[in-house]
Amino acid sequence: MRSTIAALIQDHPGALNRAVSLFRRRGFNIHSIAVGPSETPGIARMTVVVDAEHVEQVAKQLYRLIDVIKVCDLTDERTLQRETALLKVHAPSASRADIVALCTIFHARILDAGSHSLVIELTTTPATLDRFTDLVRPFGLKEVARTGQIAMVCPVHRERTATLTAAEESELDFEPNPLAV
Amino acid sequence: MSDRRTGAQIMCEALIRENVEVLFGIPGGAIMPFYHALPEYASQLRHVLCRHEQGAGHAAEGYARVSGRVGACVATSGPGATNLVTPIADAWMDSTPLVAVTGQVGSALLGTDAFQETDITGITLPITKHSYLVTDPNELPRVFREAFHIASTGRKGPVLIDVTKDAQQARTVPVWDVPMDLPGYRPTYEGNARQVREAARLLAEAEHPLIMAGSGVIWSGGGEALRALAERTGIPVITTLQGKGAFPDDHPLALGMPGMHGWVHVNRAIQACDVLLNVGGRFDDRVTGKASTFAPHAKIIHVDIDPSEIGKIVRVDVPIVGDARRVLEALTEAVEPRDRSSWLAEIREMQEQHEHRQSYRKRPESSALMPHDVYEAFDRIARERGGYRVITDVGQHQMWAAQLIEWRDPGTHITSGGAGTMGFSVPAALGAAIACPDETIWVICGDGGFQMTNQELATMRQEGIRNVKIAIIDNGYLGMVRQWQELFEQRRYSGTPLTGPDFALLAEAYGHRGMRVTDPAEVAGAITAAWDHDGCVVIDFQVEREANVFPIVPQGRSIGEMMTEGVAE
Ligand SMILES: Cc1ncc(C[n+]2csc(CCOP(=O)(O)OP(=O)(O)O)c2C)c(N)n1
Ligand SMILES: [Mg+2]
């Protein structure tokens with residue numbers, strides 16, 4: 001079982017270290033981690049996928065860190081998930097057409113080509129990336145680099161029966177806070 | 001002359017602005033610029049030179065625990081800083097407000113394994129509430145302000161400020177009115193009103209409710225509020241080791257301590273209760289025993305200022321994040337009173353049933369000096385005198401102190417609970433003595449723990465401290481470990497027999513008064529003499545070597561399974 005946690009963290013030296021350290025302390029393996037700027041300058045968004053089931057406690061402890069501004073356990077939320085991979089595949093002329101065909105099916109892009117290899121870029125869900133990787137592996141997979149998964153809660157669809165107050169609206173559009181106790 | 005000054009001067013001024021009056025520390029290369037500046041501020045900032053940085057850290061903790069203010073300590077880089085790791089960990093576990101300032105090698109040398117460079121912010125990462133590495137003197141005003149704010153608010157805790165040597169040396173004009181930059185830090189103090197109402201309803205409906213008070217009650221100044229709630233509702237009160245003093249032990253509703261060395265009737269009451277209100281405690285495993293079997297019939301209300309404590313150990317029915325005092329006040333207002341005398345009578349009956357078997361509470365028939373003799377005499381004399389604090393170390397003597405002395409006031413019982421740091425008591429007493437110069441600071445420690453940090457006796461002498469009295473419960477063993485070996489490991493006393501110097505002579509060598517007591521008849525006289533003596537005293541109470549602390553719940557077992565005499569009940 002995998003869990004996904006997203007956190008907004010102040011862009012300070014050591015902040016990421018503190019956050020990640022909480023997973024280490026529990027002996028949880030981090031499957032992937034992706035960090036980059038968020039919508040607010042000076043605040044980074046970290047998305048961690050862990051090979052562990054009960055992460056509520058870690059989520060709460062993350063929230064306790066001074067540098068952490070918000071934490072969301074996205075595991076059971078309806079989310080959009082994306083990850084990008086670069087794959088360098090052995091592609092002599094004999095197999096090249098087959099690989100290109102696969103790329104077409106998966107909407108993958110060929111970024112560069114050499115005499116014996118292709119570099120392919122694919123952005124999709126982590127599961128689809130796994131499938132694509134398995135499919136090109138028999139051709140000779142030389143190198144893979146993946147960004148780690150990022151995720152975002154799907155926007156809420158609700159009948160507009162009445163006009164919502166700003167507060168209600170922001171509540172609707174914001175991920176449920178697991179820490180609201 | 002301009003307003004330019006060194007980073008070191010700014011550090012001193014920042015400490016003064018945070019109302020720090022005393023600093024415990026030891027200088028060294030990387031913190032020398034700070035020490036160079038210190039004498040200029042001597043009239044406002046007292047420096048206490050300790051004999052080991054661990055002592056400096058515990059002294060700052062002791063100061064904080066009795067005063068409720070932030071304790072401050074200072075050390076150089078490398079070994080100076082690593083010697084602070086134990087007190088920082090201790091402060092982390094017991095939520096003690098502490099700011100530790102360390103010197104660091106010059107910023108150009110960071111990461112090069114320079115002489116006395118250790119990555120102290122990295123080492124202390126998991127045991128600090130927050131930490132800073134400062135390389136620019138312009139950051140110092142904000143960093144110190146934030147550090148003291150973080151250490152002393154919400155769930156209190158240790159904050160480390162590591163300042164590179166060049167940042168201490170560089171000159172700049174300090175800007176003091178910089179805002180704090182802590183968007184992610186907003187402790188919740190007021191309990192959610194709906195949850196408070198729900199808790200009040202549960203308490204009002206309960207037939208067999210209990211209140212369990214932890215250190216949060218003391219830190220929040222909630223003693224009065226707790227008393228008001230208990231008296232309004234008639235609900236009996238349990239105090240944990242760190243909650244000792246939050247509720248007077250001699251109050252008709254006081255039951256005593258729960259957990260591993262708790263009284264039988266307290267643990268039985270927990271196992272029987274239908275609602276348990278834990279306020280300001282974190283369900284430490286020494287309290288809960290096997291957590292899945294703890295309070296099996298109870299709906300649990302957990303009041304804690306730290307949301308991450310809620311649901312960590314036991315399932316919680318009504319979580320309330322907030323300051324213990326404020327939530328207690330809100331609960332008192334919201335709750336309907338109800339007659340609880342039959343439940344209390346039931347517990348008292350349980351207590352009486354077990355009292356005759358609670359031989360551990362009384363001294364056995366023997367001519368030897370028993371630890372119990374010391375506690376009994378101390379409790380009697382202390383009650384007459386007042387104006388005292390007791391700091392205990394870690395081991396058997398600590399548990400006896402919690403069990404056998406009646407604690408009546410918040411902040412009178414101080415011990416290393418979460419970390420269980422042997423060597424805590426003597427240096428903590430140094431800090432407490434400075435914070436409370438008009439009170440008598442008693443240390444009750446073991447012969448093992450005493451030998452870990454007793455060099456601070458020299459600090460007490462140098463600082464002219466006269467109000468520390470140390471009672472060593474000298475059993476010639478690392479007693480608590482020996483007890484486990486006796487009860488659970490067929491008396492295999494591996495690594496526990498312990499010798500020491502002549503403690504009375506040692507005290508004299510340090511310039512204090514030393515006494516030795518071996519006869520039960522001399523105990524009270526020695527305590528009285530020590531109390532009256534104008535100066536520090538060490539009393540070596542040479543007690544029965546193999547006395548045990550009972551009851552005991554074997555580790556990992558349910559608190560229903562208590563041993564009262566070396567055999568499972
Ligand atoms: C720094 C440290 N080392 C080891 C321990 C483990 N320990 C817990 S109690 C104890 C025995 C303490 O002996 P002593 O100070 O003589 O007190 P007693 O139990 O005999 O009263 C030990 C070694 C500890 N708590 N702290
Ligand atoms: Mg001992």
Side-chain angles (χ1 to χ4, degrees), chain A residues 3 5-28 30 35 37-46 52-73 75-76 171 174-181, chain B residues 92 95 110-111 119-135 139 143 146-147 149-151 153-155 157 159-160 162 180-188 191-192 194-195 198 301-313 315-322:
Chain A
S3 306
I5 290 181
L8 296 177
I9 299 181
Q10 270 191 299
D11 208 354
H12 288 165
L16 197 59
N17 196 177
R18 275 175 193 283
V20 170
S21 191
L22 289 175
F23 296 94
R24 172 196 53 76
R25 177 182 176 193
R26 296 286 289 266
F28 290 166
I30 293 180
V35 190
S38 71
E39 65 280 9
T40 317
I43 293 179
R45 181 176 175 123
M46 170 182 88
E53 214 161 324
H54 299 290
V55 293
E56 304 82 14
Q57 201 55 39
V58 181
K60 285 185 184 177
Q61 286 174 338
L62 265 178
Y63 194 63
R64 178 157 78 158
L65 297 178
I66 307 289
D67 285 327
V68 172
I69 288 161
K70 190 166 167 56
V71 185
C72 288
D73 183 349
T75 313
D76 299 324
E171 201 164 283
F174 231 62
E175 308 87 291
N177 185 351
L179 306 154
V181 273
Chain B
W92 171 250
S95 310
L110 282 175
D119 173 12
I120 194 63
T121 48
I123 288 170
T124 57
L125 202 78
I127 51 168
T128 45
K129 193 169 166 188
H130 200 50
S131 60
Y132 296 90
L133 169 61
V134 183
T135 57
E139 287 183 1
V143 164
E146 288 182 5
H149 176 69
I150 291 167
T153 52
R155 178 176 182 175
V159 178
L160 177 86
D162 196 26
M180 291 191 283
D181 178 26
L182 301 171
Y185 182 65
R186 283 181 312 261
T188 307
N192 176 294
R194 198 162 31 120
Q195 304 286 72
E198 176 62 13
I301 306 164
H302 190 183
V303 180
D304 203 297
I305 196 151
D306 179 354
S308 77
E309 284 304 338
I310 290 178
K312 186 179 81 174
I313 306 292
R315 73 211 139 66
V316 170
D317 299 281
V318 183
I320 305 180
V321 176

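Naming: A, B, ... by sequence-line order, numbering from 1 per chain.
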- Query: Could you give all pairs that pass the salt bridge (Lys or Arg N to Asp or Glu O under 4.0 Å) test and reach residues 301-312 of chain B, with sequence neighbours left out?
  - Reply: R64(A)-D306(B), R155(B)-D306(B), R155(B)-E309(B), E309(B)-K312(B)

- Enter the distance from H130(B):NE2 to L65(A):CG here, rounded to the nearest 0.5 Å. 9.0 Å

- Which atoms of P183(B) approach chain A - backbone, side chain, both or neither, heavy atom under 4.5 Å: both

- Task: Look up atom OH in Y132(B) and atom NE2 in H12(A), then write down how far apart they are to the nearest 0.5 Å.
- Result: 8.5 Å

- Considering only heavy atoms from C-beta outward, does the side chain of R25(A) approach that of L125(B) to under 4.5 Å? no

- Item | Exceeds 12 heavy-atom contacts within 6.0 angstrom, atom CZ of R315(B) | yes

- Item | Nearest atoms (heavy-atom pairs only) where Q57(A) meets I310(B) | OE1-O, 4.2 Å

- Is any side-chain heavy atom of E146(B) less than 4.5 Å from a side-chain heavy atom of I66(A)? no

- ring-ring contact (aromatic ring centres under 6.0 Å, His included) against F23(A), all qualifying residues, sequence neighbours excluded: none

- Note on the structure: Bottom line for S131(B): the part with an atom under 4.5 Å from chain A's heavy atoms is both

- Could you look at I150(B) and say if it's the side chain, the backbone, both or neither that has a heavy atom under 4.5 Å from chain A? side chain

